[in-house]
2 protein chains.
Amino acid sequence: MKPSTSIQDYLKRIYELTENGLPASTNDLARELNVRPASVTGMIQKLAAEKPALVEYQKHQGVTLTSAGKRAALEVIRHHRLLEAWLVQTLGYSWDEVHEEAERLEHVISEDFERRIAAALGNPTRDPHGELIPTADLKMPVDDTTPLSSLRASQSATIQRVVAADPNLLRHLDSLGLTPGIQIEVIEYSEFDNNLTVKVGRKVNVLGLNITTKIFVEIQK
Amino acid sequence: MKPSTSIQDYLKRIYELTENGLPASTNDLARELNVRPASVTGMIQKLAAEKPALVEYQKHQGVTLTSAGKRAALEVIRHHRLLEAWLVQTLGYSWDEVHEEAERLEHVISEDFERRIAAALGNPTRDPHGELIPTADLKMPVDDTTPLSSLRASQSATIQRVVAADPNLLRHLDSLGLTPGIQIEVIEYSEFDNNLTVKVGRKVNVLGLNITTKIFVEIQK
DNA sequence: CTTAAAATTTAGTCTTACCTAAATAATTTT
DNA sequence: AAAATTATTTAGGTAAGACTAAATTTTAAG
Ligand SMILES: [Mn+2]
Ligand SMILES: [Mn+2]
Ligand SMILES: [Mn+2]
Ligand SMILES: [Mn+2]
C-alpha cells in the first residue's frame, strides 16, 4: 500500500536529515515537519513497527531509514524533483516558486503521470536547483560536485547545484546570474573573510561564505 | 479556510446531483462518493452547521447547496476540468484516462497553478469531454446544447459534449470519431427503436439511444 | 560527580472522516 | 389503512495524525 501523505513527508525528511550519515533526531524532524516532538516520536514508533519496517529506531538514539523506507523516500523525492523541473519548463514557474507547489503535488500524482513528465522532459538528471533526481528504478545518483567555497583564484567551474530553500535568497542568486549551468571564474580569494571574487558572464561579484557554501560546482580541468 | 478534500468531493457531487433542480438524496450521494449513507448524513449535518452554511438541509428531504457551497463546488469543478484539458493537451492523456488523475490533483493545486494552466490553454470554455468550465469568477456558463437523440433525418450538427465516465464507452466513441468539435449529419431516424443513422466524416453508423442521449450537439442553422 | 538544561518519550485528548448496527421515518404494496 | 420495504438518521466505534502536559533520559556545566 502507498504510504499516507504524512508518512511520505516523514520519510522524505528523514532521508534528507540522514544524508550526512548520522541518524535524524526527533527534534530536528519536528522542526523540519512543523510538528511537535511528541508527534514525531509517535510516528517514528509506528514506522518502525510496520512490516516491513520503514525506519530503524532506538529510543533516544534517533532514526534511520531501512531499505524499504529509503525506497519510499526516493519515490517521493523523484516526484518532487520531476515536478519542479516540469513546472519550471512548462508553466514558467521561477525556481523560487516551484517548491511549495511540488510539495503538495508529489503525493497525488500517479506513476503514469511521473513517467509522462519524465519523458516529456527528456529524463532529466537534475531539478531546477540542480538537485539530482532519483532514477526510475529509485537509485540516487552520486553527486560529485564541489562547494564553490573550496575554489581558489583562477579556477573556472560550472554551477551544478544550489542548496537553498529561501525564495529571497534564490531570487538574489538569480539576479546575480548564479544558476545551474552557468560558467564562472574565481578572480580572488580573501583568506581573512573567506570571500570569493567571482566573474559571472561579464559581471564580477564578491561572495561571502554564506553564499559560496551553498553553490556546488564542477571544476574545469 | 479551504475545505478539506472530503468536503470538496461532497460539494462537487451535490452540485452534480442537483443540476436537475432537485435536492440530492443521502443514498445517491453515498453511491457517488463510495461511502455509507450514515457517513453522508453525518457530513451533511456538519456542512449545514458551518458558518456560513455550505448546504441547505432538511431531515429526510435531501440536500442542496447554498451560494457559499456552490461557489466552493465550482472552484473544484473548475480545477478538475482545467486539469483534464491540460493533461490531454500537454501530456498526451486520452480523454478516457484523464478523469482519475484530475480527481486527485483538483484538491491540491494552487490558485496560481490554476491561472497558469488556464492561460497556457488560452482560457478554454470546455474540457476534453465538452463539459463547460466554470469561469475564473466562478460562474457556470449556460449550456445550450441539444441531445443528439432529439435530431431527425437531414439535420446537421457539431458535437459539443459527451456525457460518459466509463472509459470503455469513451474509447468506443473515440473509435467512431464521435468527439467534441466533430461535424455530423443525421441520415435516418427509426421511430421503432429510436436508432439514428449518422454520418461522421465519410463513415456512417447506426447509433442507439444509449449513445445518442449521451452526445450533445449544436444544430446547424 | 552532581546538578541543571535540553531532548525525548509517555499518557491522555482532540478532530476528521469513516464504519456497523439499531432505530425511526417515508414510501410502496397489498 | 395496514404491512412491508426502502431510505435515512442516531448511537457508538475505529484509525490516523496531530496536540499538551508530565515524566524520563541524556548531555552539558559547574
Ligand atoms: Mn510534501
Ligand atoms: Mn513514482
Ligand atoms: Mn471529469
Ligand atoms: Mn481555484
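- Of the residues near DNA chain D, A:Q61 and A:T5, the one whose nearest nucleotide (by heavy atom distance) lies more toward the 5' end is A:T5.
- Contact between the side-chain N/O atoms of B:Q45 and the OP1/OP2 oxygens of D:dT10 is found at a separation under 4.0 Å.
- Using modelled atom types, one finds no donor on one side chain facing an acceptor on the other under 3.5 Å when comparing A:D127 with A:H80.
- Rounded to whole Å, the distance from CG on A:L47 to P on D:dA15 is 17 Å.
- Contacts of A:V40 with the nucleic acid, taken as non-hydrogen atoms under 4.0 Å apart, are absent.
- Phosphate contact (OP1/OP2 of C:dC18, side-chain N/O of B:Y10, threshold under 4.0 Å): present.
- Within the structure, every side-chain polar atom (N or O) of B:Y57 is placed at least 4.0 Å from both OP1 and OP2 of D:dT8.
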Set out, in order, the CA-CA distance, both residues' side-chain angles and the distance that settles side chain to side chain contact (heavy atoms under 4.5 Å, CB included) for B:M43 and B:L29, then state yes or no. CA-CA 11 Å; B:M43 179 61 96; B:L29 270 170; over 6 Å; no
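- Here C:dT10 is the nucleotide among C:dT10, D:dT8, C:dT8 with the atom lying nearest to any side-chain atom of A:A38.
- Atoms CD (B:Q58) and P (C:dA25) sit 16 Å apart, rounded to a whole Å.
- In this structure, A:S39 reaches the bases: a heavy-atom distance under 4.0 Å links it to at least one base atom across the strands shown.
- Between B:E97 and B:V88, every side-chain heavy-atom pair lies at or beyond the 4.5 Å cut-off.
- The phosphate of C:dA17 has OP1 or OP2 within less than 4.0 Å of a side-chain N or O from B:K46.
- Among the protein residues, A:T26 comes within range of the sugar-phosphate backbone only, with heavy atoms under 4.0 Å from sugar or phosphate atoms but none that close to a base.
- A straight line from NE2 of B:H107 to P of C:dA17 spans 12 Å, rounded to a whole angstrom.
- Considering only side-chain atoms of A:V35, the nucleotide from D:dC19, C:dA17, C:dA26 that sits closest is D:dC19.
- Straight-line distance from the CG atom of B:L29 to the C1' atom of D:dT8: 12 Å, rounded to whole Å.
- At least one side-chain nitrogen or oxygen of A:S4 sits closer than 4.0 Å to the OP1 or OP2 atom of D:dG17.
- In this structure, B:R36 reaches the C:dT20 phosphate: one of its side-chain N or O atoms is under 4.0 Å from OP1 or OP2.
- Taking atom CZ of residue B:R31 and atom P of nucleotide D:dT6, one finds them 16 Å apart after rounding to whole Å.
- A:W86 and A:F113 have perpendicular rings, their planes meeting at more than 60° on a 0 to 90° scale where under 30° would count as parallel.
- Dashed line: the shortest gap from a side-chain N or O of A:S6 to OP1 or OP2 of D:dA16 is not under 4.0 Å.
- Computed from coordinates, the B:D28 CG to D:dT6 P distance equals 16 Å when rounded to whole Å.
- Note on A:K59: a side-chain N or O is less than 4.0 Å away from OP1 or OP2 of C:dT10.
- In terms of phosphate contacts, B:S25 brings no side-chain nitrogen or oxygen within less than 4.0 Å of OP1 or OP2 of D:dA7.
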Kindly indicate, with the supporting measurements, whether the criterion side chain to side chain donor-acceptor pair (under 3.5 Å) is fulfilled by A:D137 and A:T135. CA-CA 5 Å; A:D137 62 343; A:T135 57; 2.5 Å; yes
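- With distances taken from any side-chain atom of B:M43 to the nucleotides C:dA17, C:dT20, C:dT9, the minimum falls on C:dA17.
- Residue B:I7 contributes atom CD1, which lies 9 Å from atom C1' of C:dT16 at whole-angstrom precision.
- For C:dT8, the OP1/OP2 oxygens have a side-chain nitrogen or oxygen of A:N27 closer than 4.0 Å.
- Following rounding to the nearest Å, B:E50 (CD) and C:dT15 (C1') show an atom-to-atom distance of 13 Å.
- Looking at A:T145 and A:D143, their side chains do bring a donor and an acceptor atom within 3.5 Å of each other.
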